[in-house]
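Quick notes on the structure that follows.
Positions are given from 1, in the same order as the sequence printed here. Both counts, for ligands and for their atoms, begin at 1 and track the order of listing.
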Amino acid sequence: MAHYTGLIDKYRDRLPVAADTRAVSLCEGATPLIELRNLPALVRKKVRILAKFEGLNPTGSFKDRGMTMAVTRAVEEGARAIICASTGNTSASAAAYAARAGIACFVLIPEGKIALGKLSQAMMHGSVVIQIRGNFDDGMRLVQEVAKAQPVNIVNSINPYRIQGQKTIAFEVIEALGGPPDYHALPVGNAGNITAHWIGYSESAGADTAALRLPEGMRNYRKQKMVERRPIMLGYQASGAAPIVRGRPVENPETVATAIRIGNPVSWQQAVAASRESGGWFAECTDEEILRVQKLLAQTEGIFCEPASAIAVAGLLKDLELGKVGEGSTIVCTLTGHGLKDPDVAIAQSAKPVTVDAELKAIEGVIRQHLPKT
Ligand code: F0G
């Protein structure tokens with residue numbers, strides 16, 4: 001088998017790159033699709049749930065799929081610097097790919113509201129980290145203003161190449177399952193990812209979609225029909241940051257899932273188009289529901305995702321309970337980011353370590369106390 005060199009090399013004929021374009025890549029993509037073994041029985045549902053674990057990308061989130069495309073194109077266009085607003089993961093990914101490409105990177109993040117792991121990544125990769133006294137939506141607005149006057153290339157998902165890279169997740173799911181799932185559930189923040197998933201599924205089904213905004217000169221990659229149908233898309237937002245569910249922007253979004261702490265998503269319209277065309281819906285989960293399922297995934301499946309990612313499963317479990325998703329279904333949940341991104345939230349909700357003297361007796365005491373009963 002040929003050495004895997006990243007998603008641009010793998011899907012070159014389905015992405016807006018030339019045959020000789022040199023990819024700026026960290027071998028992103030090709031993430032595992034892990035079948036949940038214990039959770040369906042635990043909630044007493046006869047369904048097949050598979051987690052597409054995007055936390056196993058090079059910088060620990062799905063953002064790397066879009067970033068390899070955006071930075072590859074930026075370099076081709078001769079950009080000296082990239083810029084993004086971020087709740088954390090985009091900044092981590094942009095910083096890493098900029099380092100790889102040898103260009104400068106500026107990131108705007110909301111002060112005090114990004115997870116520690118993500119901040120450490122942006123700093124370690126040498127990007128210029130600008131903390132703003134404001135939220136992600138303020139940052140998004142500022143980035144668009146500043147890019148009008150400064151020689152910086154925006155790598156947020158309003159950059160169409162980001163969406164193009166991210167659509168490859170649908171290709172991988174179809175390859176792994178031999179076809180699309182019945183449902184695909186994922187978190188919705190700035191709404192680029194649900195749009196990208198839908199474009200990927202639509203292209204695979206040879207179908208058009210209003211979610212696709214083609215900039216001048218970019219081809220529509222809708223090709224021959226590779227699959228017969230597309231899945232129903234389920235988009236979940238945190239209750240304190242649920243503009244699409246509510247149908248209006250949220251001025252001061254708040255949620256423990258800081259990755260999706262967004263009140264006015266840039267790809268709102270495309271996400272609504274995707275959802276509508278698929279026959280799907282948007283729904284919300286509370287912070288308590290998100291954290292409960294994050295822990296459940298970690299402790300019953302061994303999968304440690306970040307809070308924002310857990311909402312895909314939390315929302316699905318609610319919709320299964322409501323009967324909106326029927327038994328017998330196959331559902332893929334995108335787990336967008338790794339749990340290590342946000343150690344503070346993980347530690348705060350877990351059992352504390354026990355501290356004992358360095359003696360055999362003390363250790364045995366702890367073991368006896370915690371050993372499962374036979
Ligand atoms: N999950 C995680 C872990 C994220 O980091 C994000 C977005 C989403 C879900 C939502 O995806 O925005 O395409 O709807 N994070 C962006 C960032 C906003 O700056 O890292 P979306």
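- Summary of contacts: the protein heavy atom closest to atom 20 (O) of ligand 1 is Thr90 N, 2.8 Å.
- Ligand 1 lies nowhere less than 4.0 angstrom from a heavy atom belonging to Leu186.
- Backbone and side-chain nitrogen or oxygen atoms of Val188 are examined, and none is located within less than 3.5 angstrom of a nitrogen or oxygen of ligand 1.
- For ligand 1, the polar-atom distance check finds an N/O of Thr87 within less than 3.5 Å of one of the ligand's N/O atoms.
- Remark: minimum distance from atom 12 (O) of ligand 1 to any protein heavy atom is reached at Asn190 N, 2.7 Å.
- A donor atom on one side chain and an acceptor atom on the other are found under 3.5 Å apart for Arg230 and Ser202.
- The shortest N or O to N or O distance between Asn193 and ligand 1 is under 3.5 Å.
- Only the side chain of Ile260 comes within contact range of ligand 1, with a heavy atom under 4.0 Å; no backbone atom does.
- Summary of contacts: the protein heavy atom closest to atom 15 (N) of ligand 1 is Lys63 NZ, 2.9 Å.
- When only modelled atom types and interatomic distance are considered, Thr31 and Arg65 share a side-chain donor-acceptor pair under 3.5 Å.
- Among the candidates Glu54, His184, Lys52, the single residue satisfying the side chain to side chain donor-acceptor pair (under 3.5 Å) test with Thr334 is His184.
- Between Asn156 and Gln144, the side chains place no donor N or O within less than 3.5 Å of an acceptor N or O (distance only, hydrogens not considered).
- Residue-to-ligand polar distances place Gly192 within reach of ligand 1: an N/O pair is separated by less than 3.5 Å.
- The N/O atoms of Gln166, backbone and side chain alike, include none that comes under 3.5 Å of an N/O atom in ligand 1.
- The two atoms that bring Ile109 and Val129 nearest to each other are CD1-CG1, 3.6 Å, heavy atoms only.
- Remark: the Asp319 side chain and the Trp281 side chain contain an N/O donor-acceptor pair separated by less than 3.5 Å.
- Distance from atom 11 (O) of ligand 1 to its nearest protein heavy atom, with residue and atom name: Phe62 CZ, 3.5 Å.
- Taking atom 1 (N) of ligand 1 as the reference point, the nearest protein heavy-atom neighbour is Thr336 OG1, 2.7 Å.
- Taking a 4.0 Å cut-off on heavy atoms, Ser157 fails to register as neighbouring ligand 1.
- For atom 5 (O) of ligand 1, the closest non-hydrogen atom on the protein side is Asn89 ND2, 2.8 Å.
- When non-hydrogen atoms are compared, ligand 1 lies under 4.0 Å from the side chain of Ile262 (C-beta onward) but not from its backbone.
- No hydrogens or angles considered: a donor-acceptor pair under 3.5 Å links the side chains of Lys341 and Gln121.
- At a 4.0 Å cut-off, at least one heavy atom of Ala191 sits close enough to ligand 1 to count as contact.
- Counting only N and O atoms by type, the side chains of Gln166 and Tyr161 include no donor and acceptor under 3.5 Å apart.
- We find that Arg37 and Glu301 are not joined by a salt bridge, their nearest charged nitrogen and carboxylate oxygen being 4.0 Å or further apart.
- Under 3.5 Å, the side chains of Gln294 and Glu306 contain no donor-acceptor pair of N or O atoms.
- Any N or O atom pair closer than 3.5 Å counts here, and Glu306 shares no such pair with ligand 1.
- Taking the ring axis of Phe171 as reference, the NZ or CZ atom of Arg14 stays within 45° of it and closer than 6.0 Å to the ring centre.
- Atoms of ligand 1 found under 4.0 Å from any heavy atom of Ser86, numbered from 1 in the order shown, are 17 (C), 19 (O), 20 (O).
- Glu175 and Lys10 are joined by a salt bridge, as a carboxylate oxygen and a charged side-chain nitrogen come within less than 4.0 angstrom of each other.
- The closest protein non-hydrogen atom to atom 4 (C) of ligand 1 is Ala259 CB, 3.5 Å.
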